[in-house]
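No hydrogens, no waters, no symmetry mates; every other heavy atom, side chains included, goes into these values. Keep in mind that this is a model prediction, so the values were computed, not measured.
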Amino acid sequence: MFKKVIRWVLIALCIILIGYEAYSLYADNKEYDKARDEYADIKSSSITSPALEDAPEIVEYPLLSIDYDYLKQVNPDFAGWLFVPALDISYPVVKENTVDEYLRVTFDGTPNKAGCLFTDVLSSDDFTGWHDMIFGHNMRDESMFGKLKYLKTREYQEKLRENPYIYIYTPEYVYQYEAFGYYVTTVGSDAYSEVTNEEEYDEFLEYIRKNSYYSFPEDVDFSTYNSLLTLSTCSGSSGSGKRFVLHTVKRKAWNNL
């Protein structure tokens with residue numbers, strides 16, 4: 001009799017646990033849907049792709065017409081628009097004022113686990129620092145930085161080699177960066193080094209070279225100490241402390257049209 005009672009208690013606990021997990025998944029998906037809809041609305045309200053023949057000059061970068069005034073009105077912390085063609089990543093980026101300020105808040109300030117893409121407090125305000133960093137969640141629905149993990153696959157590695165450039169659009173300039181390294185690391189590793197001079201820059205490059213899954217492109221010249229930009233997201237199971245980083249170096253800058 002006692003064994004039967006224990007068995008039924010265990011069964012009941014399993015049912016409760018399964019129900020709780022199912023509800024949590026449902027609630028998370030509803031929250032993620034809201035975030036996805038918000039960012040889709042932001043894109044449709046602020047981004048257009050004008051015909052190249054309408055451009056006043058030859059354009060060497062993906063031509064996006066961005067309503068910077070609208071984005072600044074929605075969020076005064078707006079810093080620029082990130083576009084990664086090889087991974088189809090396209091989002092506004094904010095500059096955080098306090099640590100993890102945008103970890104659970106979307107671009108328009110709505111509390112949401114999807115958060116927002118943000119540069120950390122140590123990064124420059126205008127993407128001109130020695131080493132700037134953008135953080136975003138590794139979302140299951142592939143939104144935010146959910147596609148960075150695909151760089152572990154051969155298919156996306158080839159896509160990145162074919163088009164290794166990412167772009168930051170600001171009201172004043174459009175910056176082109178080239179990917180030159182990526183790998184799995186941990187929270188607080190040297191992948192997040194603060195770089196303030198040429199010596200630290202060289203040491204940082206050496207660390208990346210030793211850890212990267214991706215060989216440095218032969219045509220990239222680091223001797224001019226162009227700005228570095230790192231994209232970072234979680235990797236592996238929640239709470240593991242693992243991170244996936246993509247390192248890029250600034251190649252060109254254009255006055256915004």
Side-chain angles (χ1 to χ4, degrees), residues 35-95 106-108 116-119 123-129 132-136 142-148 150-151 155-180 182 217 219-221 224 226-231 233 246-257:
R36 190 163 51 247
D37 291 343
E38 176 190 322
Y39 286 111
D41 289 342
I42 289 172
K43 289 178 185 178
S44 64
S45 300
S46 60
I47 305 292
T48 57
S49 298
L52 285 177
E53 58 265 24
D54 295 334
E57 57 183 81
I58 296 175
V59 178
E60 300 179 62
Y61 55 87
L63 187 60
L64 299 181
S65 180
I66 300 174
D67 190 339
Y68 297 103
D69 291 336
Y70 167 77
L71 292 167
K72 274 286 189 182
Q73 182 179 354
V74 174
N75 190 329
D77 292 331
F78 170 73
W81 192 278
L82 170 69
F83 180 41
V84 187
L87 297 174
D88 192 26
I89 295 174
S90 183
Y91 287 100
V93 179
V94 297
K95 177 70 168 69
T106 60
F107 183 76
D108 71 0
C116 184
L117 300 189
F118 63 91
T119 60
S123 296
S124 67
D125 294 332
D126 56 1
F127 300 96
T128 58
D132 296 319
M133 292 175 275
I134 300 178
F135 296 84
E142 300 182 352
S143 62
M144 310 311 288
F145 278 169
K147 290 183 178 178
L148 282 184
Y150 294 143
L151 290 177
E155 176 187 355
Y156 278 85
Q157 289 169 4
E158 290 302 318
K159 285 186 176 183
L160 189 66
R161 289 194 182 280
E162 291 172 5
N163 187 357
Y165 302 110
I166 78 169
Y167 300 87
I168 295 287
Y169 298 77
T170 74
E172 294 80 21
Y173 296 98
V174 177
Y175 297 117
Q176 180 197 65
Y177 296 79
E178 182 171 353
F180 69 89
Y182 55 80
D219 63 333
V220 177
D221 179 12
T224 54
N226 287 352
S227 296
L228 303 175
L229 177 67
T230 295
L231 310 186
T233 192
L246 171 64
H247 298 294
T248 70
V249 60
K250 188 178 291 179
R251 296 299 303 268
K252 295 182 180 179
W254 300 274
N255 288 320
N256 210 338
L257 299 177

Using only atom types and a distance under 3.5 Å, with no angle test, would you say the side chain of S44 pairs donor to acceptor with the backbone of D41? yes

So, the side chain of S123 versus the backbone of M133: is there a donor-acceptor pair under 3.5 Å, distance only? yes

Taking the six-membered ring of Y175 as reference, does the NZ or CZ atom of K250 fall below 6.0 Å from its centre and within a 45° cone about the axis? yes

Do you know which two heavy atoms are closest between T248 and A179, and how far apart they sit? CG2-CA, 3.8 Å

Just so I know, are the side chains of W81 and S90 near enough to count as touching, which here means a heavy-atom distance under 4.5 Å? yes

Heavy-atom side-chain proximity of L71 to I66 below 4.5 angstrom: yes

How close do G129 and S124 get, heavy atom to heavy atom, and via which atoms? N-OG, 3.2 Å

Could you state the interatomic distance from NZ (K147) to CD (E142), rounded to the nearest 0.5 Å? 5.5 Å

Taking all heavy atoms of A79 and all of D125, pick out the closest pair and write down the distance. CB-O, 4.3 Å

Check whether S46 reaches the backbone of D67 with its side chain - one donor and one acceptor, N or O, closer than 3.5 Å. no

Before you tell me yes or no, could you show the steps for N75 and D108 under side chain to side chain contact (heavy atoms under 4.5 Å, CB included), namely the whole-Å CA-CA distance, both residues' side-chain angles and the distance that decides it to 0.1 Å? CA-CA 6 Å; N75 190 329; D108 71 0; over 6 Å; no

For F118, run the ring pair (Phe, Tyr, Trp, His ring centres under 6.0 Å) check against F107, F145, F135 and tell me which one passes. F135

Worked check of side chain to side chain contact (heavy atoms under 4.5 Å, CB included) between C116 and V94: CA-CA 8 Å; C116 184; V94 297; 3.9 Å; yes

Of the non-hydrogen atoms in P85 and N163, which two are nearest, and what is the gap between them? CB-ND2, 3.4 Å

Using side chain to side chain contact (heavy atoms under 4.5 Å, CB included), reason through N256 and E172 one step at a time and then give a plain yes or no. CA-CA 5 Å; N256 210 338; E172 294 80 21; 5.9 Å; no

Distance-minimising heavy-atom pair for R251 and D219: NH2-O, 3.7 Å

Do K72 and D77 make a side-chain contact, defined as non-hydrogen atoms from C-beta onward lying under 4.5 Å apart? no

A side-chain contact here means heavy atoms from C-beta on lying under 4.5 Å apart; do W254 and Q176 qualify? yes

Could you check, using the six-membered ring where one of them is a Trp, whether Y167 and Y177 have ring centers closer than 6.0 angstrom? no

Ignoring hydrogens and geometry beyond distance, is a side-chain donor-acceptor pair present between Y150 and Q157 at under 3.5 Å? no

T119 versus D132, side-chain donor and acceptor atoms under 3.5 Å: no

Looking only at the side chains, is there a donor atom on one of Y173 and D126 sitting less than 3.5 Å from an acceptor on the other? no

If the plane angle is over 60° it's perpendicular, under 30° parallel, otherwise tilted; pick one for Y91 and Y39. perpendicular

Please tell me if the side chains of H247 and F180 come closer than 4.5 Å, counting only heavy atoms from C-beta onward. yes

Checking K95 against F127: charged group under 6.0 Å from the ring centre and within 45 degrees of the axis? no

Contact check, side chains of I166 and L82, non-hydrogen atoms, under 4.5 Å: yes

Quick one, L148 and L87 - any side-chain contact, counting heavy atoms below 4.5 Å? yes

Would you mind reporting whether L246 and L151 have side-chain heavy atoms less than 4.5 Å apart? yes

